[in-house]
Amino acid sequence: MQTALADFIKDTPDGREADRILRTCVHCGFCTATCPTYQLLGDELDGPRGRIYLMKQVLEGAPVTAKTQLHLDRCLTCRNCESTCPSGVQYGRLVDIGRQVVEERVERPLSERVVRMLLKEGLTSPLFTPALKLGQLVRPLLPKVLRNKVPAARHAGSWPTRSHARKVVLLEGCVQPAMTPNINPATARVLDALGIETVRAARAGCCGAIRHHLNDHDGGLADARRNIDAWWPHLSGANAAGAEAIVMNASGCGAMVKDYGHLLRHDAAYASKAARISALTMDLAEFLPPAADALRTALRETTPQRVVFHPPCTLQHGQKVRGAVEALLAALGAEVLPFGESHLCCGSAGTYSVLQPELAYPLRDRKLVHLLTPRPELILSANVGCITHLQSGTEVPVEHWIEWVDRRLHPRP
C-alpha cells in the first residue's frame, strides 16, 4: 500500500509525501462537517478523517479487519470532502487505494461476494434490459424494497436522423438506456436543434465506474480500454470529419471518463490515448451553456415552471461543475428554486443504495425534505442513479434536466 500511496501523492499538484498527507488529514477535520455518513452516524470512523486514520493504520502494519472494511464500504465516494478540504486532498483516489488493499486482505462473506458479483456482471450485461422490462411488468406485485429498484416504465422518444458537420460522441451507458430510456434521445434531439450530430459508438459500454467502485480495478480498466478503442476512430484527430468532443449526460460516467488519463497513466499502450479522451470529455452541463442564446431562440414552449435542480455529487464535487445547469434552466424559462443542503449526497452513489440501504434511504429522505420544501412542480437532476433513487421516495416527477430542455424545444401534443 505504501507504494500505491506514494504513487498517489506523486500525482497530486503539490507533491506532498504520503506519510505527511495522512498525518495532516487526521488533525484537520473540516471535512467532517460536510460528510453525509458522519452527519448521519456521528462516528468519527465514518467520516473522511477517520477513514484516512484507518488507512494510515494499515500503512503502518496494523491488522486489517472486517470493521475496517465496513467503515470504508460506508463511504459514498461523494467527494464532498474534497470540495471542503483546505489542503486539496484528493480523498476519492486515496479511498480507492485503501479499499482495494483491504479487499485483498479481508475475505467477505459469501452472500456479499455474490451480491457484488451480480452487480458487477448484471448491471453491465446485455441481459439487464430484458430483465428490467420483465421486472416492470410485475412491478405492482413486487415488495417495496424491490419496487424501489425497478423504476416505472418510461417512454423513449425518437432519435434524430439528420446529419451535421459538427459532431459529438455520446456514451449511452449501461443501465441508463433501460432505466431512463428518454435521456439519450432527448440529448440527441437538443443537440440536433443546434446543428450538432450525436454519434453512438457501437462497441462502447459501461464507463467502468461500477467495477472500479466495487474494487474490481482491473475490470474497470478493461471497460475503459474498450471504450477508448470504440471512440478513437470517431475523434477529429483520427477522422477529418470526426467528433469535437465526447459528451456525457450521466455525471457519474463523466467523472469516471475524465479520470481515464490518470487511471491509465502507466499503461504504455493507452496512456496518451486515455489522456486525450479525458481532455475531450465534457459533461452536458459544460457543453451546452455556450449555446444558451441559440436554445432560447429555438424555444417553442415558454411557460414558466417551478423546478428544483439536484446537482449529483459526481457533477458538483467530482467534476467541479457548479451552477451551470441552474443558469441554463433559468435562461430557458425555469423558475429555479433554492433549497437547503444542496451540497449533500442523496444516497444513491452508484450501487451504494443496494449495498448500504440502511444509510441510503435516510439520506434520500433527508434530501427530499429539502427538495420538496419550496414546492416544485418538477425535480431535475443529472444522473440516472440520483433520478431513480429520488423518484422512489416522492410522487413529484423526477427527470434529467435535458429532458426538460427537450420539451421546451419540442413540446408534446
Side-chain angles (χ1 to χ4, degrees), residues 1-108 112 116 209 211-218 220-221 255-256 259 262-263 265-266 313-314 317-318 345 349-352 355-356 359:
M1 183 174 179
Q2 188 160 10
T3 301
L5 285 169
D7 192 44
F8 160 78
I9 295 302
K10 184 173 64 177
D11 291 322
T12 58
D14 57 9
R16 287 171 297 178
E17 296 177 354
D19 187 61
R20 190 164 77 85
I21 196 172
L22 293 175
R23 294 182 187 279
T24 299
C25 285
V26 300
H27 291 293
C28 175
F30 274 34
C31 53
T32 58
T34 56
C35 174
T37 50
Y38 178 79
Q39 294 298 308
L40 199 62
L41 299 172
D43 187 334
E44 184 71 46
L45 295 179
D46 285 310
R49 181 169 65 175
R51 293 181 180 114
I52 288 172
Y53 175 75
L54 290 173
M55 289 185 280
K56 176 175 174 290
Q57 286 188 312
V58 173
L59 174 64
E60 293 173 344
V64 185
T65 67
K67 189 172 184 293
T68 304
Q69 190 174 60
L70 173 64
H71 290 300
L72 295 183
D73 283 349
R74 283 178 177 169
C75 175
L76 290 142
T77 326
C78 68
R79 296 168 70 174
N80 199 347
C81 54
E82 293 187 12
S83 295
T84 309
C85 179
S87 300
V89 174
Q90 296 180 51
Y91 169 84
R93 291 177 177 174
L94 189 61
V95 78
D96 281 343
I97 295 169
R99 280 173 164 169
Q100 186 180 27
V101 171
V102 171
E103 190 80 10
E104 292 168 355
R105 299 188 189 180
V106 178
E107 185 176 18
R108 294 183 181 275
E112 289 187 23
R116 285 170 172 260
R211 289 187 171 89
H212 184 79
H213 292 302
L214 288 172
N215 305 323
D216 179 8
H217 290 193
D218 289 341
L221 292 180
M256 181 68 182
D259 216 25
H262 170 78
L263 294 172
R265 66 197 182 282
H266 298 314
C313 299
T314 44
H317 304 307
C345 183
T351 59
Y352 189 92
L355 297 172
Q356 304 288 337
L359 300 179

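Because only heavy atoms are used, hydrogens play no part in the values below, and waters and symmetry mates are left out as well, while side chains stay in. Heads up: numbering here begins at 1 and tracks the sequence.
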State whether the side chain of N80 and the backbone N or O of T34 hold a donor-acceptor pair below 3.5 Å, judged by distance alone. yes

Once rounded to the nearest 0.5 Å, what's the spacing between atom CG of N215 and atom CD of E103? 4.5 Å

If we ignore angles and hydrogens, is there a donor and acceptor under 3.5 Å between the side chains of R99 and T77? yes

I need the full list of salt bridge (charged side-chain N to carboxylate O under 4.0 Å, His left out) pairs touching residues 77-91, with sequence neighbours left out, sorted by first then second residue. R79-E82, E82-K320

What residues, two or more places apart in sequence or in another chain, satisfy side chain to side chain donor-acceptor pair (under 3.5 Å) together with E112? R108

Measuring from C345:SG to H317:NE2, what's the distance to the nearest 0.5 Å? 8.5 Å

If the condition is side-chain contact (heavy atoms from CB on, under 4.5 Å), which residues does E104 pass it with, not counting sequence neighbours? Q100

Starting at CZ of R265, measure out to CG of L263 and round the result to the nearest 0.5 Å. 7.5 Å

Using a 3.5 Å distance criterion without hydrogens, assess whether the side chain of Q57 forms a donor-acceptor pair with backbone atoms of T68. no

Pairwise distance OH(Y38) to OG1(T32) - rounded to 0.5 angstrom: 5.0 Å

Who pairs with H217 by ring-ring contact (aromatic ring centres under 6.0 Å, His included), at least two apart in sequence or on another chain? H212

When rounded to the nearest 0.5 Å, the distance separating SG of C75 from CD of Q356 is 10.5 Å

Hits for salt bridge (Lys or Arg N to Asp or Glu O under 4.0 Å) against D46, two or more places apart or cross-chain, chain-then-number order -> R51, R74

Considering residues at least two apart in sequence or located in another chain, which fulfil the side chain to side chain donor-acceptor pair (under 3.5 Å) criterion with R116? none

